[in-house]
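Here's the structure we're looking at; comments come further down.
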Amino acid sequence: MAQLPNSLEARDSAVQLHSYADARRQEEMGALVIDKGEGIYVEDINGKRYIEGMAGLWSVAVGFGEKRLVDAATRQMEKLPYYHTFTYKTHGPSIELAEKLIEMAPVPMSKVYFTNSGSEANDTAVKLIWYRSNALGQPERKKIISRVRGYHGVTVASASLTGLPNNHRSFDLPLPQVLHTTCPHYRTMKKDGESEADFARRCAQDLEDLILAEGPETIAAFFAEPVMGAGGVVVPPIGYWEAVQPILKKYGILFVADEVICGFGRTGNMFGTETYNLQPDIMTLSKALSSSYQPISALLINDDVYQPIADESHKIGVLGHGYTGSGHPVAAAVALENLKIIEERDLVGHVKAIAPVFQKRLAGLADNPLVIETRGIGLIGAAELHHEALAATPGALGAKTNAVFHENGLISRNMLDAMAFCPPLIITEAEVNKMFDIAEASLKSIRESL
């Protein structure tokens, strides 16, 4: 896009380094400046409206411009705009939110620890797991297993867990304690003649083989998203979780369910843990926890995790970890109101009701020869494109498609050549159809131009 001197785009390029962007390209072309939001729509500074097909960053569950959340923040700002949870101090909103999350948890949980982002939640989980291993007199049990193409954040530890090359390149990551096992994407990872059920069993066997090769006594935990998000919306094959979880139990390995994207209704249940009958020891939450109106995240830990940590903090005299904004009263108040809205409006029921329309329209994109596969569950999905159609490197067709979507009024996100769809949970059937109408027309125009 053209940058006029002293425009917001030019000023932005002059002063801000952006995430997930080519900094030199950013200097040349500038950024799309979003100015307003309402429902499933956002509007740029030129007045153009877009369907926010990614709910921001997989996160604005209740839509943009929800006045109840604005009012909740205002009330709390007027009463207590900030306080912390260090050194035996606390405040009402953090207590109430912790109680609510324990009540909502799909498996028994003991304590909540608040952080500010999904990355921080997963990073903290790693630290607490290491702390627990030391408390149990198992200092060798420090290795963490996650999965190729999994996404768990961008801090040093969480980026190591993330199994995507561009989160490691030139950052000297991953950390040596982090290992990666097979990505459960059937189409790309299956062997010739291998059924989906056989592939799921092989994924589990690959995990067990890795555990045995490294030494079970050295493996502390396994991190996984119920459905992979930023790795391309990878839905686990049938039987995958039923095969994986017994292996973790067999070797006493903690299971961390990263619910940062799946949590609070996205898969058609309140948590992806329920959708796949998971039994995690730790759950990490963020994004839809506050619909991202305020930065907040949380870890839920069960009693088996908590008790050794409590004993070690007593032995040392302190748990030497914390963030200035942990359990921030304004963020906690907004999260509480957000959860009330999700429950009062039965957004989980709404997702279940509208998911068949969403998934049917998503699957219909495969009628275009550019689309090699569609996959999804609930209100999350992806359409994978044949990158060879451009005779270019992986990601080129996805980037082109993303640009055409934008031009036609739809914000998506290409993960290489997988086009993601993850709209606000409030989306209506008519809006689902409008979103996919734009996607279909855009793909058709791209196909005809090649």
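Note that the coordinates shown come from a computational prediction; the quantities given were computed from them, not determined experimentally.
- With hydrogens and angles left out, the side-chain atoms of E259 and T273 include a donor and acceptor closer than 3.5 Å.
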Show the numbers, then the answer: is there a side-chain contact (heavy atoms from CB on, under 4.5 Å) between E208 and Y251? CA-CA 9 Å; E208 185 164 24; Y251 297 107; 2.6 Å; yes
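- Atom CD of E38 is surrounded by 12 or fewer heavy atoms from other residues, nucleotides or ligands within 6.0 Å.
- Taking the six-membered ring where tryptophan is involved, the planes of Y82 and H328 are tilted, since the angle between them lies from 30° to 60°.
- With hydrogens and angles disregarded, a donor-acceptor distance shorter than 3.5 Å links the side chain of S290 to the backbone of S292.
- There is a side-chain donor-acceptor pair under 3.5 Å between N408 and S442.
- Using a 30° and 60° split on the angle between ring planes, H152 and F223 fall in the perpendicular class, above 60°.
- A salt bridge links R202 with E194: the closest approach of a Lys/Arg side-chain nitrogen to an acidic carboxylate oxygen falls below 4.0 angstrom.
- For CG of D22, the number of neighbouring non-hydrogen atoms (other residues, nucleotides, ligands) closer than 6.0 Å is greater than 12.
- No hydrogens or angles considered: nothing links the side chains of Y293 and N338 as a donor-acceptor pair under 3.5 Å.
- For the pair R413 and Y20, the cation-pi criterion (under 6.0 Å, within 45° of the ring axis) is fulfilled.
- The aromatic rings of F222 and W241 sit perpendicular, their planes meeting at an angle over 60°, well past the 30° parallel limit.
- With D71 as the partner, the side-chain hydrogen bond (donor to acceptor under 3.5 Å, both in side chains) test is satisfied by one option alone out of K67, R75, R68: K67.
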Begin from the C-alpha positions of E440 and R361 and carry the test salt bridge (charged side-chain N to carboxylate O under 4.0 Å, His left out) through to its verdict. CA-CA 9 Å; E440 280 188 358; R361 290 301 308 269; 3.5 Å; yes
I would like to know whether F421 and L410 meet side-chain contact (heavy atoms from CB on, under 4.5 Å); could you show each step before the answer? CA-CA 10 Å; F421 301 89; L410 170 61; 4.1 Å; yes
Verify side-chain contact (heavy atoms from CB on, under 4.5 Å) between M228 and C183, making sure each step is shown before the conclusion. CA-CA 9 Å; M228 285 183 170; C183 171; 4.0 Å; yes
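- In this model, a donor atom of one side chain and an acceptor atom of the other lie less than 3.5 Å apart for D123 and T155.
- Inspection of the H185 and R149 side chains reveals an N or O donor paired with an N or O acceptor under 3.5 Å.
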Check against side-chain contact (heavy atoms from CB on, under 4.5 Å), N402 and I411: CA-CA 8 Å; N402 205 41; I411 292 177; over 6 Å; no
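- Side-chain contact between E52 and I40: absent, with no pair of heavy atoms (C-beta onward) separated by less than 4.5 Å.
- Outside the 6.0 Å centre-distance limit, the rings of Y323 and F114 are not counted as a close aromatic pair.
- T275 and N269 form a side-chain donor-acceptor contact under 3.5 Å, judged by distance and modelled atom types alone.
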